[in-house]
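What follows is one structure encoded as C-alpha cells, with my remarks underneath.
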Amino acid sequence: VSPTEVEKVNVLDYIHPEDQMEIQRYIEKQNSGSKTFSPCEARIATKNGQCKFIELNLNKIIYKGKEAYIWAISDISERKAAEKLQQALYLISETVNSSLDLEKLYASVHEIIGKLILAENFFIAIYDKNLDTVTFPYHVDEKDKNPGSRKNGKGLTEYVIRTGQAIFVSEADHDRLIEEGTVEKSGVWHVNWLGVPLRTSEDEVFGVLGVKTHKDSIPYTQKDKDILSFVSNQVAMAIKRKQDETRLQYLSFRDSLSGLYNRRYFEEEMRRMDQRRHGSVGLIVLDVDGLKLVNDMFGHDSGDKLLFNV
C-alpha cells in the first residue's frame with residue numbers, strides 16, 4: 001500500500017479470510033477497554049497475490065474528533081518460515097523414532113515436505129554403488145509412472161548423484177542440458193524440476209530427494225531449493241537409520257550364508273502361531289548327509305557351498 005492509499009485502506013480487506021474472525025475479536029477486546037499488550041498474528045495477501053505473515057499491534061486513538069486505530073504491522077514471514085522448518089525437522093525425527101517401516105517413512109517425509117514447498121509430485125531415489133543402479137522406492141507423480149530400477153545413466157536424478165549438487169531445472173534448462181549431452185530425456189517431461197542429494201555422515205551421496213511440477217504458473221525458486229537442501233540432511237539421516245534398522249532385523253532372522261530364516265525366526269513364529277491358536281502345525285525337517293565328512297576332508301568353505309546349493 002502506498003502512502004497516498006493509507007487513508008482509504010481498510011486493513012481487514014487484506015487479512016486472510018480464515019484469520020479475519022481472530023482480528024475482529026482482537027479489535028473487540030480493545031474496544032472493551034482492556035489493555036492488550038500481546039500482538040496478534042495473521043496472514044495477509046499482498047498485491048502480487050503472495051501470502052505473508054504479519055504481527056499486529058493495535059491502539060485506539062481519537063483522530064479529528066473520531067475514534068480511530070493505529071495499526072503497527074511487522075512482517076514476520078521469515079520467522080514463521082524458520083518455525084515451520086524447525087517443526088518439519090522435529091516431525092521427521094519423531095517419524096524415525098516411531099515403528100514405521102521405510103515405505104511409511106517415505107510417505108511421512110512427503111507429507112511433511114508438502115507443508116514447506118509445493119510437492120504434489122515427489123520422489124525419493126536411492127543409489128546402489130555396488131550394483132551401479134538407481135531405484136525409486138517412493139514416487140508420486142500426477143502424470144509419470146515410477147521408473148523402477150535402472151542402471152546409473154544420464155537422467156537428471158543421476159546428474160545430481162554424479163555432481164553432488166542441488167539443482168532446479170526449468171524446461172529451457174533441460175533442453176540446454178540435453179543439447180550439451182549432459183543428460184538424456186527420460187519419462188514424461190515436467191515444467192520445473194528440483195532435486196537435492198541425500199548424503200551419508202561420510203558425505204557420500206546415496207540418493208536424491210526431488211519434486212517437480214507440470215504447471216507453467218508454478219516455478220520453483222532459490223528459496224525452495226534452500227529449504228529442500230536444509231531438510232534433506234535430516235531426511236538422509238532418517239532414511240539411513242531406518243535402512244540400518246531394517247538390515248539388522250533381516251540379519252537377526254536370517255541365516256547369513258543361505259539367506260533363509262534362522263532358528264530365532266522359527267521360535268518366534270512358533271510362539272506367534274501358538275498365541276493365535278492356529279491349530280495343528282506340521283514341521284518338515286531336512287538334514288544333509290555327510291556334511292561333517294565334507295567339512296573334515298575339504299574344509300568348511302566347501303561345507304558352506306554344499307549347504308548353499310542344497
Side-chain angles (χ1 to χ4, degrees), residues 50-53 76-96 102 105-129 134-141 144 147 152 154-174 176-177 182-183 187 190-215 218-243:
Q50 289 184 324
C51 183
K52 287 184 173 292
F53 284 90
I76 58 170
S77 299
E78 292 297 325
R79 190 186 82 193
K80 299 298 287 187
E83 289 174 358
K84 286 179 69 175
L85 268 178
Q86 290 301 320
Q87 178 67 9
L89 296 182
Y90 171 77
L91 290 174
I92 293 170
S93 177
E94 285 297 297
T95 301
V96 178
L102 271 170
L105 171 64
Y106 295 147
S108 295
V109 168
H110 182 189
E111 182 181 355
I112 293 167
I113 289 177
K115 296 176 181 177
L116 300 174
I117 64 174
L118 182 67
E120 291 180 1
N121 306 295
F122 176 86
F123 70 88
I124 294 174
I126 302 296
Y127 174 59
D128 188 319
K129 187 176 181 180
V134 178
T135 58
F136 295 80
Y138 189 85
H139 185 277
V140 175
D141 195 291
D144 206 0
N152 186 16
K154 298 183 73 175
L156 284 173
T157 301
E158 289 87 343
Y159 179 78
V160 174
I161 294 171
R162 187 166 61 250
T163 62
Q165 300 296 318
I167 58 167
F168 56 84
V169 182
S170 66
E171 194 167 10
D173 293 331
H174 190 236
R176 176 179 54 80
L177 290 171
T182 304
V183 301
H190 30 266
V191 177
N192 294 281
W193 191 96
L194 171 60
V196 301
L198 296 171
R199 299 179 181 274
T200 65
S201 56
E202 291 80 24
D203 203 35
E204 183 177 355
V205 177
F206 73 91
V208 174
L209 197 65
V211 292
K212 48 188 172 179
T213 71
H214 299 284
K215 301 179 179 67
I218 312 175
Y220 286 111
T221 64
Q222 180 64 41
K223 186 175 181 180
D224 294 325
K225 179 181 173 183
D226 292 341
I227 289 173
L228 199 60
S229 296
F230 185 73
V231 174
S232 69
N233 294 324
Q234 189 76 12
V235 172
M237 288 190 292
I239 291 174
K240 271 299 179 185
R241 178 174 170 182
K242 192 58 67 176
Q243 284 178 335

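In what follows, every heavy atom counts, from backbone to side chain, and hydrogens, waters and symmetry copies are set aside.
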Closest non-hydrogen atom pair between [X] and [Y], with its separation:
X    : Y    : value
D144 : H139 : O-CE1, 3.6 Å
V205 : G164 : CG2-CA, 4.0 Å
E120 : V140 : O-CG1, 3.7 Å
A125 : T157 : CB-CG2, 3.6 Å

Classify the angle between the aromatic ring planes of F122 and Y138 as parallel (below 30°), tilted (30 to 60°) or perpendicular (above 60°).
-> perpendicular
Does [Y] offer a backbone N or O that forms a donor-acceptor pair with the side chain of [X] under 3.5 Å?
X    : Y    : answer
S232 : S229 : yes
K115 : A88  : no
E158 : G155 : yes
K225 : A166 : yes
N192 : T213 : no
T135 : P137 : no

Are D173 and S170 close enough that a side-chain donor and a side-chain acceptor fall under 3.5 Å?
-> yes
Any donor-acceptor N or O pair under 3.5 Å, side chains H214, D141 | yes
State, with a plain yes or no, whether a side-chain heavy atom of [X] is found less than 4.5 Å away from one of [Y].
X    : Y    : result
F136 : V208 : no
L156 : L177 : yes
F168 : D224 : no
L228 : I113 : yes
N152 : I161 : no
F206 : I239 : yes

Checking side-chain contact (heavy atoms from CB on, under 4.5 Å) against Y220, which of V169, L194, V191 comes through?
-> L194
Once you round to the nearest 0.5 Å, how far does [atom1] of [X] lie from [atom2] of [Y]?
X    : Y    : atom1 : atom2 : answer
K80  : S77  : NZ    : OG    : 10.0 Å
Q222 : I227 : CD    : CD1   : 10.5 Å
I124 : L198 : CD1   : CG    : 7.0 Å
R199 : N233 : CZ    : CG    : 9.0 Å
K84  : I117 : NZ    : CD1   : 10.5 Å
T200 : M237 : OG1   : CE    : 11.5 Å

Would the number of heavy atoms belonging to other residues, nucleotides or ligands and lying under 6.0 Å from CD of E78 be above 12?
-> no
Basic-acidic side-chain contact under 4.0 Å: R79, E83 | yes
